[in-house]
Structure formats: structure tokens, C-alpha cells
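Below is one structure; the comments refer to it alone.
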Amino acid sequence: MPQIEWILHSGTVFDGHRLVPGASAVAVSGGVVSAVGTDAELKALAGPATQAVDLAGRLITPGFTDAHIHAAYAGVERLGCDLAELSGAKACLDRIAEHAGQPAAPENPDGWVTGGGWYKGDFPGGYPDRHTLDAVAPHRPVYLINRDHHSAWVNTRALELAGIDASTPDPADGRIERDPDGFPTGTLHEGAMDLVARVLPPVTEEMLTAGILHAQEHLFSVGVTGWQEAILGSYGGYPDASAAYRSAAEAGTLKGRATGALWVPRDTTVETVPDLVQEFVERRAANAAAGFSTTSAKIMVDGVPENYTAAMLDPYLRPCSCAEPTPAEERGLLYLSPEVLASVSTALDAAGFDLHMHVIGDRAVRTGLDAVAAARAANPGSAGRHHMAHLQIIHPQDIARFAELDVTVNAQALWACNDDQMQELTVPLLGGERAGWQYPFADLQAAGARLAMGSDWPVSTPDPWQAIHVAVNRAHPDYPDAAPLLPGQSLALGSALAAYTSGSAWLNRAAGGTLTPGAPADLVVHSVNPFDLPPAALSTVQSDVVMVAGEPVYARSSAGSGAAVLQRTTT
């Protein structure tokens, strides 16, 4: 056995699947886990250069793997006009005014204010208007993506520069919110975002690289050591971040185990599928040569319910009678027809890609499952690790199909709660019966489905413990007085931890995700043993020490024993 470099002892060990009976220590050497066992067993392996970390009863787990994230977007937005950590409309407007008052950069001659992270629940009806932005930024154009990245908020100057007015038609894959006279209000949904995004100053590779590395540091601080970049392609004003990931991987600055999903454009047709797949194969090879794995293909099947773009089996309810719904609004949007979705899914599966589908509405879930069924039937020898992200509204008849088709549930558990958006913007459009079909994690698990987890950051926080808190409690820590959302669909703490570690790492085809001999030493020492906490306190858990391949990448300064050792090591 190689010289033991680290022994983390006197704690509790979760190996990615379960609490290991009797184990209290983990040994690390050569970047991998050397042994898991008792303090006495592992201390007997120590040599003169071994460094010991006293866990003092704390829990040690594999590093978290985020199975659905937009790290590049998040990093760039955090370096711009970042609204993601703010609460309330006033705080957002104050931040925007602050950025609008700063001098424009030479590469931004029109003075665009860009960034994002505003929350629909902070504004009446879910969507703010251009006049509100005009009041704080009257002369500079503003383009701000909301937290879910399905809508953008722009001011009058931005509309002018883009040439958008009452005569501008809605694109096929999006919608412009309008005043009664037809003039845009300032909120653009889905493909309509591109009407303004096309005139923005370009996001350069240097900006994307800086964003990725900035995001990486934040992810390490919350215990995330691996992730899947969920869109690699042109979307919402951002270019493909693959080149930035390749350069970071080649430079050795990309330390986290990042993988990516190549974006399937929403204008794909049956006729263009062969060329798309050939392009993806070439891109996959180029990325792999640089050390960046892109074995997934991202397909956005539908949108989100709050703007009527999630695809529903039955029409939306109309809590406001102020306007008649358009045909597209009645049951939402499928961005690819069932025929195209089945065609591209089958071809990508045959080429060895894992399908990563965005599905929110019950019609999108069913259509996506039908496409996977077509791919499985056409390619019986395929081992595709196909998965569906978000999975908000699932018709009960489709629950069993996930295990039958081996489709992994890629859950964003933080959303499964009665927050303002759920109560004020979502449930009124769904009604009581469909609201009772939301995020059925327990039913999916009971039916044998595989579970993975992710955050969709910057849509929501990347801190896994916030999502685990909701998965277990079905209530958000910021809404302590709200009733749990369908508490019968909660997960046990061990199940949620397994989904966010071994489940997501398996989905990513990535090393890590377990603490077993020979596995990469990607690990997190948590601030406490959460199995000793009441469920309502899970959101308070923090990361004290984080390693990737046995290398310390984060140590919380106030973490006490163990963190000081790591800090000395990393200086």
C-alpha cells in the first residue's frame, strides 16, 4: 500500500450509498481512498508523514455531484449584475441602479447592463415591466435573465436597440409579454429572449473561463466536487462554453470533475438529425481530447408553467380573465414535435449519447418517455444513461415507466415546497388535482427509479444541503410557516444523500461519488453529523473540509479541528 497521506478519523462515514457500520475513519493516499474502517485499523497504517484530521464526530461523505447545473452562466452572472442572492424588488432595483451608474467598459460601447437572477415571486404576476427598469436605468440598455433562465427582463432602451415594437411577432419557440396596445411590456419568454440577446456585447471565451473558475470556487465551498454543465451551445445570449472548459482542463485549473451536455437546438428537424449527430460526435471527441467529457445531449422538451410554456396534457386554468389564452398557452409548448423528439433521441442513443431531457409538464414527461421507449426499442444494445431533469408534474400513470425504461430521475429537490412562486404563480394555473402530482420523489423511488440530484444553479442555490432539507421535509427553510408540499413524497436523508453523491456521479459517468477503497478521494467533511439533527435543521449543515483527488480545495475558516491543518497545507 502507498504511503498514507491523510487519515480522517473519529467521525461517521457515509460511503455514497449508506452509513458504513462501525466505520469511523477514511485513509487517503495517491489521490484515492486507501481504506475505510475503524480508527484503530487506519491509524495502524499511518507513517511519519501522514496528516491526521480529527472529525470529532462529524460526517464524512463523498463530494457532491450536481447532475444539472449552469456553472458557466452562474459564474458570469456573479461577475456582472448579480441579483440571485437578493430578496425583494427594491433590493433588485437598487443593485441595477448601482450597475447602471458605473462607467461602461470599452468593449461595451452601448453601456449594456447584463446579469441575472431575479425571482418571479418578487414581482406582481411574476413578471416586472420595462417602466420599472427605465426608472433606475433610463439611458442604458438592460438585459437581465431571471433565475430559471426562461425569461428576460429588458428596458425600453434595450427594445429600441433590438428594433422590437408592437409589430414584432412572437417567435415560434417563445412569447413577448405585451401591453393592451401590443407593445412589449419588457418581459421576454423562451425564444423571444434571443430577439434582444442577439444585439448584446459578446460573451467571450475569456469571460466564460473566468466565470467557470469563479463558479468552481463557490461550488467547492458548498461541497460540490463534480457537475454536469447542462447546456453547451448557444442559449439566452450565451455562446457554447466548451472551448472555455477545454482551455481550463488543459491548463489544469479545472479541478472539479466537470462533464457537459451538448445542446440540441429547438429548430431541429427530422431532416437535420443526421448532421446534428455527426457534429455532436466530433464535438465529443474534441472535448474528450482536452480532458472534458461531453457524453450527454441536452434536449429541452418544454418550458415552465408560470409563463404557460410547460407542456400539459390538459389546458391551464386561467385565474385572470383579463386576456384569452392563445392556442399555445392552453396546453403549453413542446419545443420539438413528438416525431422529431423520437427521431433525435433514437439517433443520439445509437451514437452513444446519454439523453438529458428538461421536462416540467405532464405532457412533456409522457412525450419524453415515449421518445426514450422508441430509442430503447430501436437500439436494444444501448447502455444509455438517459435522465429527465426537473420532473415537476407527472401523471400517476407514468410513474412506473421510469424504472421500466431505466430513466433516471434528475431531481431539483429545492423546488418541491410551498414557496411564494408555488402558491401564487404555479398552483393557480394547475388546480388541485395536478398540484398533487408535483415532484413525486417517494413514488418514483418506490417504483424502482434511479435517483440523482442537481441544483440548476443559478436558477437556485447550488448548496446541496438546502435541496436535501426540502427533499426530506418538503418545506423550504425560508418559509417555516408554509405547509409542507405533499409530505408523503419526502425522501429519507440517506436516500437524498445517495442521490446527490453516488447517484449523480453514476449519471455523469464520472469518477467519484463513493468512499470505497480505490475510489477517487473526492470527499467532504461536514460541520456536524446530520443524521443526529432534527430534520428541520438540515439546512444548517455546512462544508468544513473539501478534497478533490486527495487535494484540499476548500476549508472553512471557522470550522475548527481539521480545517486548520488543511489551510496550512494549501498555503
Side-chain angles (χ1 to χ4, degrees), residues 1-65 223-226 257 464-465 468 492-506 510-533 541-556 559-570:
M1 178 180 291
Q3 171 67 47
I4 301 297
E5 298 163 7
W6 298 93
I7 292 179
L8 301 97
H9 62 88
S10 304
T12 303
V13 180
F14 182 87
D15 69 359
H17 300 282
R18 59 171 189 155
L19 289 172
V20 182
S24 57
V26 174
V28 173
S29 59
V32 302
V33 175
S34 304
V36 176
T38 66
D39 288 0
E41 290 169 339
L42 269 59
K43 286 180 179 179
L45 304 176
T50 300
Q51 298 194 71
V53 176
D54 184 356
L55 299 177
R58 291 171 289 181
L59 180 71
I60 184 170
T61 72
F64 291 112
T65 296
V224 174
T225 58
R257 298 190 191 277
W465 282 108
I468 291 170
L493 174 55
S495 295
L497 265 177
Y500 231 131
T501 53
S502 61
S504 292
W506 178 88
T514 63
L515 291 183
T516 52
D522 302 350
L523 57 85
V524 183
V525 176
H526 302 280
S527 55
V528 294
N529 180 0
F531 288 92
D532 292 337
L533 294 178
V541 180
Q542 296 178 280
S543 300
D544 279 355
V545 172
V546 182
M547 288 184 178
V548 175
E551 176 188 349
V553 294
Y554 173 78
R556 188 164 63 92
S561 177
V565 173
L566 293 172
Q567 287 176 320
R568 287 197 298 272
T569 302
T570 56

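In this text, all values refer to a predicted model and were calculated from it rather than measured experimentally. By convention here, the first residue in the shown sequence is residue 1.
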Taking every non-hydrogen atom, the tightest pair across L42 and V36: CD1-C, 4.0 Å
Closest non-hydrogen atom pair between S29 and I4, with its separation: CB-CA, 3.9 Å
Straight-line distance of I7 CD1 to L55 CG, nearest 0.5 Å: 11.0 Å
For the student: nearest non-hydrogen atoms of T501 and P62, plus distance: CG2-O, 3.8 Å
Test item: E5 side-chain N/O and G30 main-chain N/O as donor-acceptor pair under 3.5 Å: yes
V528 vs Q542, side chain to side chain contact (heavy atoms under 4.5 Å, CB included): CA-CA, chis, key distance, verdict: CA-CA 8 Å; V528 294; Q542 296 178 280; over 6 Å; no
From CD1 (I60) to CG (N529), nearest 0.5 Å: 12.0 Å
Shortest non-hydrogen contact from D54 toward S10: OD1-CB, 3.4 Å
Closest contact, heavy atoms only, A511 versus P520: CB-CG, 3.5 Å
Distance, nearest 0.5 Å, that separates CG of L523 from OG1 of T514: 11.0 Å
Minimal non-hydrogen separation, T61 against H526, with atom names: OG1-NE2, 2.9 Å
Rounded distance [0.5 Å steps], CG in D532 versus OG1 in T12: 6.5 Å
Main-chain N/O of V548 paired to D522 side chain as donor or acceptor, under 3.5 Å: no
Validation row: V224, P464 side chains within 4.5 angstrom (heavy atoms): yes
Distance, nearest 0.5 Å, that separates OG of S34 from CH2 of W6: 13.0 Å
Ring pair (Phe, Tyr, Trp, His ring centres under 6.0 Å) partner of Y500, the single match among W506, F64, F14: F64
Exercise: do D15 and T516 side chains pair donor with acceptor under 3.5 Å: no
Backbone of D39 reached by a side-chain donor or acceptor of S24 within 3.5 Å: yes
Heavy-atom side-chain proximity of Q3 to T50 below 4.5 angstrom: yes
Nearest-0.5 Å distance that lies between atom NE2 in H17 and atom CG in L497: 12.5 Å
Residue pair L59, L19: steps toward the side chain to side chain contact (heavy atoms under 4.5 Å, CB included) verdict: CA-CA 10 Å; L59 180 71; L19 289 172; 4.0 Å; yes
